[in-house]
Amino acid sequence: MSNKKNTSSGFNSSFGAIMAAAGSAVGLGNIWRFPYICGKYGGGAFLIVYFFFVFFIGMVLMMSEFIIGRRTRLTPGRAYSALRPQHPNWRFVGLFGLLTCFLILAIYLIISGWTLGYFWESLTGILSKIPDEGFADHFKFFASLPLRPVIFTVIFLLFCVFVILGGVEKGIERVSKLLMPILVVLLVILCVRSLTLPGASEGVAYLFQADFTKLGSEGVLAALGQALFSLSVGMGVMIVYGSYLPVDDNILKSSMWITLCDLLIAILSGLAIFPAVFACGQTPAEGPGLVYQVLPVVFNSLGTVGRLFSIFFFLLLVLAALTSAISLLEALTAFLHEKGMQRSTAAVLVSSLAILLSVVASFSFGNGILSSFHIAGLSIFELLDKLTGAVLPPVCALLTIIFFGWFMKKEDIRDELSNHGTIKIGWFNVFYYFLARFVAPIALIIVLVTGLL
């Protein structure tokens, strides 16, 4: 099964494929969400459970999407029905995944715009002039402005479009091979500085000290949810990237490297953030509260070095956001291109629709001009955040793994895993199939029900 539009371009090397897929997986959630929930739910105790879920649930889903993509050389919009032509309704699973991808892109652009804005304010010295007690109000004011956050979002999106127009090899692969190493270097620099601060050991203990009394069932579910969230599964992106994989790429080995990169960057993020937070006498806060309200206080307390620290940190966030946003935009662009639309036209159309939804959602955040408009008791931003965080990705992942484990031909799976018989997979084939058919679906159902409740 093949598609000329997809097989004519793809990743030129396994390293490029790993960097691109790792870039998709590594995003804003790895930088601030993972460290916070890791500390909240028992540090090392959470890390042990998270490690298990990442490799035995998350990586299984990633491999499944890679196999579907490479087997068909199609986007999610056509891949499912190509594998089961006698049941064309499976195509709706792929279309549902692309819808999820679009909504995630819209909400992601908002947060990325905030991040780029804070990078600019760090670079120009604006953040260093704000008093410690003023950062909470500054964030609310900045996010509620009618125009400024939108300008930063548009600038961010234009760079993503520029990369996408370069194509898979000369755009996505080339940029990913550049940005991912830079991201790791920045993280290591921040870690070294953070760990050498007086009192940093308290932050390390917060992150790694195993306290199973804090874990509980809620912490276990949080670990599973984070594993799915951090690996970018359940939205069709990895199916698209799978369609670009070289025919001789070892899917198991590539998936392991991507998962290890994702895990490493999450841990490094914690080591960069929490030692500094505790060393400066601050209290960790969740999500935007940590990134936009607490950390600037930490940076200002470090004097001249703190401004440099702030610039590096927000640059790191911008790079992490870019690699993820590029993958989301590519998945949608590739789908329209597959339908016959020019790649440039598809990228511009998707970007225009995404920025339109982002602007509307941004205006509903905080004290924005649309903040009084609610759907089911939620603002547009809150509704998008809930749908893309707790509902749509688990549903898409569940439908995908059910299709993969129960409807896709075993010989097709084995053929892709073994690279047409050139790689010995032995017992792993049986173990992997068992995880995909039984363990992963049950875990996803639990996450979905819990998220809805």
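Here the structure is a predicted model, which means the values were calculated and not measured.
Put simply, the side chain of Leu116 reaches to within 4.5 Å of the side chain of Phe119, judged on heavy atoms. Contact annotation: the side chain of Leu260 never approaches that of Met59 to less than 4.5 Å [non-hydrogen atoms, C-beta and beyond]. Residues Ile110 and Pro149 form no side-chain contact, since every pair of their non-hydrogen atoms from C-beta on lies 4.5 Å or further apart. Side-chain atoms of Ile189 and Arg193, non-hydrogen and from C-beta on, never get closer than 4.5 Å to each other. With a 4.5 Å cut-off on side-chain heavy atoms, Tyr241 and Ile172 count as touching. Annotation: side chain of Val350 is in contact with side chain of Leu105 (closest heavy-atom distance under 4.5 Å). Looking at Ile68 and Phe404, their side chains come closer than 4.5 Å, going by heavy atoms from C-beta outward. In this structure, Glu416 and Asp412 have side chains that are not in contact, with every pair of non-hydrogen atoms separated by 4.5 Å or more.
Ion pairing between Asp415 and Lys409 fails under the 4.0 Å rule for side-chain N and carboxylate O.
The two residues Val204 and Leu195 come nearest to each other via the heavy atoms CG2-CD2, 3.6 Å. Residues Ser14 and Pro246 come closest through the heavy atom pair N-CG, 4.4 Å. Taking each heavy atom of Cys261 and Val26 in turn, the nearest pair found is O-CG2, 4.5 Å. The two residues Ser194 and Ala272 have their closest heavy-atom pair at OG-O, 3.1 Å. Heavy atoms only, all atoms of each residue included: Leu336 and Ala346 are closest at CB-CB, 3.6 Å. When all heavy atoms are compared, the tightest approach of Ser13 to Lys177 is OG-NZ, 4.3 Å.
Using a 30° and 60° split on the angle between ring planes, Phe313 and Phe299 fall in the tilted class, from 30° to 60°.
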Please report, to 0.1 Å, the donor-acceptor pairs under 3.5 Å made by any side chain of residues 226-238, with sequence neighbours excluded.
from: Gln226; atom 1: OE1; to: Arg33; atom 2: NH1; distance (Å): 2.2
from: Ser230; atom 1: OG; to: Tyr50; atom 2: OH; distance (Å): 3.0
from: Ser230; atom 1: OG; to: Gln226; atom 2: O; distance (Å): 3.0
from: Ser230; atom 1: OG; to: Ala227; atom 2: O; distance (Å): 3.4
from: Ser230; atom 1: OG; to: Asp262; atom 2: OD2; distance (Å): 3.0
from: Ser232; atom 1: OG; to: Ser24; atom 2: O; distance (Å): 2.7
from: Ser232; atom 1: OG; to: Ser24; atom 2: OG; distance (Å): 3.4

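Every side chain to side chain contact (heavy atoms under 4.5 Å, CB included) that Leu224 has, sequence neighbours left out, goes to Phe53, Ile57, Ala443, Val447. Under the side chain to side chain contact (heavy atoms under 4.5 Å, CB included) criterion, Glu202 pairs with Phe278, not counting sequence neighbours. The ring-ring contact (aromatic ring centres under 6.0 Å, His included) search around Phe434 returns Phe438, not counting sequence neighbours. Not counting sequence neighbours, the partners of Ser310 by the side-chain hydrogen bond (donor to acceptor under 3.5 Å, both in side chains) test are Ser122. A search for side chain to side chain contact (heavy atoms under 4.5 Å, CB included) contacts involving Leu264 returns Leu268, not counting sequence neighbours. By the side chain to side chain contact (heavy atoms under 4.5 Å, CB included) test, Leu399 is found to be paired with Val93, Phe96, Val395, residues two or more places apart in sequence or in another chain being considered. Shown here are the ring-ring contact (aromatic ring centres under 6.0 Å, His included) partners of Phe159, two or more places apart in sequence or in another chain: there are none. Every residue two or more places apart in sequence or in another chain that forms a side-chain hydrogen bond (donor to acceptor under 3.5 Å, both in side chains) with Glu330 is listed here: Tyr244, Arg343. With sequence neighbours excluded, the residues satisfying ring-ring contact (aromatic ring centres under 6.0 Å, His included) with Tyr118 are His138, Phe142, Tyr292, Phe314.
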Test Leu357 against Leu103 for side-chain contact (heavy atoms from CB on, under 4.5 Å), laying out the working first. CA-CA 8 Å; Leu357 181 56; Leu103 296 179; 3.7 Å; yes
Test side-chain contact (heavy atoms from CB on, under 4.5 Å) applied to Phe46 and Phe34, step by step: CA-CA 10 Å; Phe46 177 91; Phe34 171 80; 4.0 Å; yes
For Leu47 and Ile267, what are the C-alpha separation, side-chain angles and deciding distance, and is it a side-chain contact (heavy atoms from CB on, under 4.5 Å)? CA-CA 9 Å; Leu47 191 59; Ile267 293 173; 4.2 Å; yes
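The distance from the CE atom of Met63 to the CD1 atom of Ile258 is 10.5 Å, given to the nearest 0.5 Å. The structure places CG of Asn250 at 10.0 Å from CE of Met256, a figure rounded to the nearest 0.5 Å. To the nearest 0.5 angstrom, Leu329 atom CG is 6.5 Å from Leu157 atom CG. Interatomic distance, CG of Leu302 versus CG of Leu308, reported as 10.5 Å (0.5 Å rounding). Separation of atoms CG (Leu392) and CG (Leu448) is listed at 9.5 Å; rounding is to 0.5 Å. Distance CG/Leu316 to OG/Ser269: 6.5 Å, rounded to 0.5 Å.
The salt bridge (Lys or Arg N to Asp or Glu O under 4.0 Å) analysis of residues 105-114, with sequence neighbours excluded, yields no pairs. Every pair tested for side chain to side chain donor-acceptor pair (under 3.5 Å) that includes a residue from residues 86-103 fails, sequence neighbours excluded, so the list is empty.
No side-chain donor-acceptor contact under 3.5 Å links Ser379 to the backbone of Phe365. Between the side chain of Asn419 and the backbone N or O of Thr422 there is no donor-acceptor pair closer than 3.5 Å. Judged by distance alone, the side chain of Trp114 and the main-chain N or O of Ala143 form no donor-acceptor pair under 3.5 Å. Using a distance-only test at 3.5 Å, with no hydrogens or angles considered, a donor-acceptor pair links the side chain of Asn300 to the main chain of Leu127. Counting only distance, with no hydrogens or angles, the side chain of Ser81 and the backbone of Arg78 share a donor-acceptor pair below 3.5 Å. Within the 3.5 Å criterion, the main-chain N or O of Ile239 finds no donor-acceptor partner in the side chain of Arg70. Although no hydrogens or angles enter the test, the distance criterion places no donor-acceptor pair under 3.5 Å between the side chain of Asn12 and the main chain of Glu169. Looking only at distances, no side-chain donor or acceptor of Asp211 sits under 3.5 Å from a matching main-chain atom of Tyr41. Using modelled atom types, no side-chain atom of Ser324 and backbone atom of Ala321 make a donor-acceptor pair closer than 3.5 Å. Looking at Ser301, its side chain never comes within 3.5 Å of a backbone N or O of Cys280 through a donor-acceptor pair.
The local environment of CZ in Phe162 is sparse, with at most 12 non-hydrogen atoms from other residues, nucleotides or ligands closer than 6.0 Å.
Checking Thr388 against Tyr108 by side-chain atom types alone, no donor-acceptor pair falls below 3.5 Å.
When ring centroids are compared, Tyr80 and Phe403 come within the 6.0 Å threshold. Ring centroid separation for the pair Phe135 and Phe139 does not come in under the 6.0 Å cut-off.
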